[in-house]
Number of protein chains: 4
Amino acid sequence: MSEESAGEQRSPERARRLPRAVRERQILDAAVQVFSRHGYHSASMDEISDVAGVSKPMIYTYLGSKEDLFGQCIRREATRLLEAIQDGIKPDLPPDMQLWHGLRSFYRFVAEYRESWTVLHRQALTVGGSFATEITDMRTRAIELVAALVVSAGTRKGLGEQAEFSGAGLSAALVGAAESLADWALDHPDVSDGVLASWLMNLVWLGFNDLVEGEIWKPSTAE
Amino acid sequence: MSEESAGEQRSPERARRLPRAVRERQILDAAVQVFSRHGYHSASMDEISDVAGVSKPMIYTYLGSKEDLFGQCIRREATRLLEAIQDGIKPDLPPDMQLWHGLRSFYRFVAEYRESWTVLHRQALTVGGSFATEITDMRTRAIELVAALVVSAGTRKGLGEQAEFSGAGLSAALVGAAESLADWALDHPDVSDGVLASWLMNLVWLGFNDLVEGEIWKPSTAE
Amino acid sequence: MSEESAGEQRSPERARRLPRAVRERQILDAAVQVFSRHGYHSASMDEISDVAGVSKPMIYTYLGSKEDLFGQCIRREATRLLEAIQDGIKPDLPPDMQLWHGLRSFYRFVAEYRESWTVLHRQALTVGGSFATEITDMRTRAIELVAALVVSAGTRKGLGEQAEFSGAGLSAALVGAAESLADWALDHPDVSDGVLASWLMNLVWLGFNDLVEGEIWKPSTAE
Amino acid sequence: MSEESAGEQRSPERARRLPRAVRERQILDAAVQVFSRHGYHSASMDEISDVAGVSKPMIYTYLGSKEDLFGQCIRREATRLLEAIQDGIKPDLPPDMQLWHGLRSFYRFVAEYRESWTVLHRQALTVGGSFATEITDMRTRAIELVAALVVSAGTRKGLGEQAEFSGAGLSAALVGAAESLADWALDHPDVSDGVLASWLMNLVWLGFNDLVEGEIWKPSTAE
DNA sequence: TATGAATGAGTTTTCATTCAT
DNA sequence: CATGAATGAAAACTCATTCAT
């Protein structure tokens, strides 16, 4: 008859009088689940409250409007992701190994918390308004965290002034590549995070190495 | 000041008795505009009909339901994009130049038809159902069109069997990079399409070259 | 390539310049068909115009609003039905044979023009407003035409004053029985109109005969 | 003038916070009323919600779609009707008295709950789909309940093989007669249910008695 | 604390009906 | 005579949100 022991996820009997923090977590968990399944607009507060095993007014009392709720999902999951990556990086290793470990952590996170990743990557952009920028900021922070190693190398060599090189632009490209590969990986769970990270390293690192050496590709003739 | 000749774009006064084909184009134009601004769910048929300068029943008569309408937007814009890229490619040039020209066309298209690009890239995935796969298919076709040159080179060299190389995975990464850079470029209109294409070429081409040569990055120590 | 020879019903090529009377008949035919299939409310002017092979404005020009159109369908088919019954009656025969022949004609009509009957019986009542009374009037006329023979016999015998007998009420019951049997017959096309008429004759005639003879059923004890 | 005790029927001021069961009954009452007045198609959910003194969303939450709602009206009223009839029948009496009492109960019900009857009889057939058959089934059950006494008598006597007799067909006719007389009675409220029942008994019972005795009406000459 | 009851405001969609040609 | 083009008006249905208990 214990109401705690078995599954904290969804108890059909109304769980009662839980401390606020617990309730909030329950609700956020449910929200992430539902948002990731249906997207922001198609997700209904009803379903979220069902999944959370909590009445709707409670959601409003604790976490505010639907938009608020979504925002908190986003922020919580983004924080988790960044922490996961940060935790994966070993600061003592050489830059390339650091990058590789960061990527591995990233892909491990995506595999383990698909829903978190889906909400962050796919759904967060569909809400328009402040979320887009918020997400963009996080992307930026993420990429800077990961790519600083690489990009700084390029800039350090004085490539910053050449039209063929741009830290910011290449960063964006890099994140896109990593994200896109993450999506691909969701459909290919048999590919390990180490392999995924290696693919990306090979695509990028070798190219950057050349760039750093001054080897630059140019169109052979103007237009 | 003639009301017929010049401003066929959007006359606030009910334009009347136009042939069906013209109306359909008007409506699709409006729909792309509105969908790109608000996304599928937040876009309302009311706003689309307003922007199109046409009553709602016409939309339903000519283009069908909201979902149908969206589908036709997607297909039209996707076709446009693919054609733009294809048109930009000069088949006589060497592979790298072909790729570069393809990318330039892509970035030119994105800059010129931001809304088309937004609908295709950002909004199409949020509808769920058949659209996601349809778009994914187009992405696949696009990447194959552009990346075949590169990837095939890698596989030709027998790299296909190495864990560090995967045509499909790298393709996904590549498209992601290109797309992500396109988004970045939307906020940096001063960067020309040629430069954008060059950035990507340098990131990718040099890396691939090394791959093709057999140079492969590996983590120096296990785990 | 003749546009007349094959089927007058529905020529895919726009039939042109037909005299008004013909057009009106075409339209009414189509309307009866569609109304009988879907009922008044679910029938759409679009479908009627399609089936009629005529554009919608034409319907409005020739036959007025949807309600007008329906009214004319009702009236035309009702007239047809009454005429069919009248034609079947042989005035020289004795009353019971007249009744039998009238019923036969009725059931023959129902079998042959199911759609007409459906519109009259099932759909006409769903429209509320003047149609209900109009149809009721026709029923009344019909029943009087057919049942006068029977009822008059009863009244003639002085039964009119007894609570157990009522011309009007029994007429209503009789029509109901005949109609209901007609509906039943639609699902049993193998039962001939002669047999149907005989069933009703037996149910009714024998009972009436008794009534006329003064034999009356009464509840054996009050309440 | 208390607003709670007496007039629970329809308070124009929003009655608030009632238990679900009560609301459901209110809504069904309103729905029967409106459906009976306008028919299924012309009835609008708006009007029903107005009459019920409840907002539209409640209707959908509690009773489902318009079609669901209609179905529940039909079922509730049909059940009521059948129960009323069953309650009226005294199983100890001889068959003819049972029938008479059943008919009385029927006519009493129709008089007292005109709207219920209207919905069942007139409107239920216009919706097409499953309702028509559902209603038909109930009619069948009703007739079997009432007419079994009579018809079985006929079949028992071996009349089943004669073309002039058909249990099923005659049952259909009988229901039609009873229903039709019920409609007639709605316009003649001064005729008591006992009298109505007697009329039908005389029409039917005497006729059936003759049938059972082997007296059969036949057309005197072929065709 | 926690919730069943309740709704305002908005959405997509359909249809009878009428111009302008 | 005949029609493609066009729409006003309304219907069913949904959902985020808030009371009252």
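A quick note: this is a predicted structure, and the numbers were derived from the prediction, not measured. Below, all heavy atoms of this structure are taken into account, side chains as well, without hydrogens, waters or symmetry copies.
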Peer 1: Output the rounded distance in Å from CD (C:E47) to P (E:dT17).
Peer 2: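 Result: 16 Å.
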Peer 1: Rounded to whole Å, please give me the gap between NE2 in A:H41 and C1' in F:dT14.
Peer 2: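 That distance rounds to 14 Å.
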Peer 1: Tell me what C:S65 touches on the nucleic acid: a base, only sugar-phosphate, or nothing, going by heavy atoms under 4.0 Å.
Peer 2: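 Sugar-phosphate contact only.
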Peer 1: Quick one: do the A:R75 and A:Q72 side chains pair a donor with an acceptor below 3.5 Å?
Peer 2: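 Distance-only check fails for A:R75 and A:Q72.
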Peer 1: Among F:dA16, F:dT3, E:dT11, which is the nearest nucleotide to the side chain of A:K66?
Peer 2: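 Closest of the options to the side chain of A:K66: F:dA16.
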Peer 1: In this structure, how many angstroms lie between the P atom of F:dC13 and the CG atom of D:L69, rounded?
Peer 2: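 About 10 Å, once rounded to whole Å.
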Peer 1: Does A:F35 have A:K66 sitting over its ring (NZ/CZ under 6.0 Å from centre, angle to axis within 45°)?
Peer 2: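 No cation-pi geometry.
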Peer 1: What nucleotide, of E:dT18, F:dA16, F:dA12, holds the atom closest to the side chain of C:Y60?
Peer 2: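 Among the listed nucleotides, the one closest to the side chain of C:Y60 is E:dT18.
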Peer 1: Could you check B:E67 against D:A21 and say which one's nearest nucleotide on DNA chain E is further toward the 5' end?
Peer 2: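 The 5'-side residue here is D:A21.
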Peer 1: In Watson-Crick or G-U wobble terms, both distances under 3.5 Å, what is the partner of E:dA20?
Peer 2: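 Matched E:dA20 with F:dT3 under the 3.5 Å cut-off.
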Peer 1: Mapping B:S44 and D:Y62 to their closest nucleotides on DNA chain E, which lands nearer the 5' end?
Peer 2: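 Counting from the 5' end, the first nearest nucleotide belongs to D:Y62.
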Peer 1: Nearest to the side chain of A:P57 - F:dT18, E:dA16, F:dA16?
Peer 2: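 The listed nucleotide nearest to A:P57's side chain is F:dT18.
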Peer 1: Considering every strand and a 4.0 Å limit on heavy-atom distances, what is the contact class for A:M58: base, sugar-phosphate, or nothing?
Peer 2: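 Counting heavy atoms under 4.0 Å across all strands, the contact made by A:M58 includes a base.
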Peer 1: Any N or O donor-acceptor pair under 3.5 Å from the base of F:dT17 to the side chain of A:K56?
Peer 2: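 Indeed, a donor on one side and an acceptor on the other fall under 3.5 Å apart.
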Peer 1: Give the rounded distance in Å between these two atoms: CD of A:Q26 and C1' of E:dA2.
Peer 2: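 Computing the A:Q26:CD to E:dA2:C1' distance gives 13 Å.
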Peer 1: Evaluate the side chain to side chain donor-acceptor pair (under 3.5 Å) criterion for residues A:Q123 and A:H38: first the C-alpha distance (whole Å), next the side-chain angles of each, then the deciding distance (0.1 Å), finally the verdict.
Peer 2: CA-CA 9 Å; A:Q123 314 297 0; A:H38 304 305; over 6 Å; no
Peer 1: Out of E:dA5, F:dA5, F:dT3, which has the shortest distance to the side chain of D:R20?
Peer 2: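 Of the candidates, E:dA5 comes closest.
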Peer 1: From E:dT7, F:dT17, E:dT17, pick the nucleotide closest to the side chain of C:M45?
Peer 2: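 Side chain of C:M45 sits closest to E:dT17.
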Peer 1: Starting at the 5' end of DNA chain F, which residue's closest nucleotide do you reach first, D:Y40 or A:D46?
Peer 2: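 That would be D:Y40.
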Peer 1: I need the minimum non-hydrogen distance between A:S49 and A:S55, along with the two atoms involved.
Peer 2: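 For A:S49 and A:S55, the tightest heavy-atom pair comes out as CB-C, 4.1 Å.
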Peer 1: Whole-Å distance between F:dT14 P and D:D68 CG?
Peer 2: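 Whole-Å distance recorded here is 10 Å.
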Peer 1: Between P on F:dT17 and CD1 on A:I48, what's the gap in Å once rounded to a whole number?
Peer 2: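 These atoms are roughly 11 Å apart.
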Peer 1: Whole angstroms only, please: what is the CD1-P distance between A:I59 and F:dT17?
Peer 2: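 After rounding, the reported distance stands at 11 Å.
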Peer 1: Can you check whether C:G39's main-chain N or O pairs, donor with acceptor, with C:S42's side chain at less than 3.5 Å?
Peer 2: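 The answer is no, because no donor-acceptor pair under 3.5 Å joins these two groups.
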Peer 1: Check whether any side-chain heavy atom of B:T118 sits under 4.5 Å from a side-chain heavy atom of B:V32, and report yes or no.
Peer 2: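 No, every pair of side-chain atoms sits at 4.5 Å or beyond.
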Peer 1: Of the listed nucleotides (F:dA6, E:dA2, E:dT12), which one gets closest to any side-chain atom of B:R23?
Peer 2: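 That would be F:dA6.
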Peer 1: E:dT12 P sits how many Å from B:L63 CG, rounded?
Peer 2: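 The answer, rounded to whole Å, is 15 Å.
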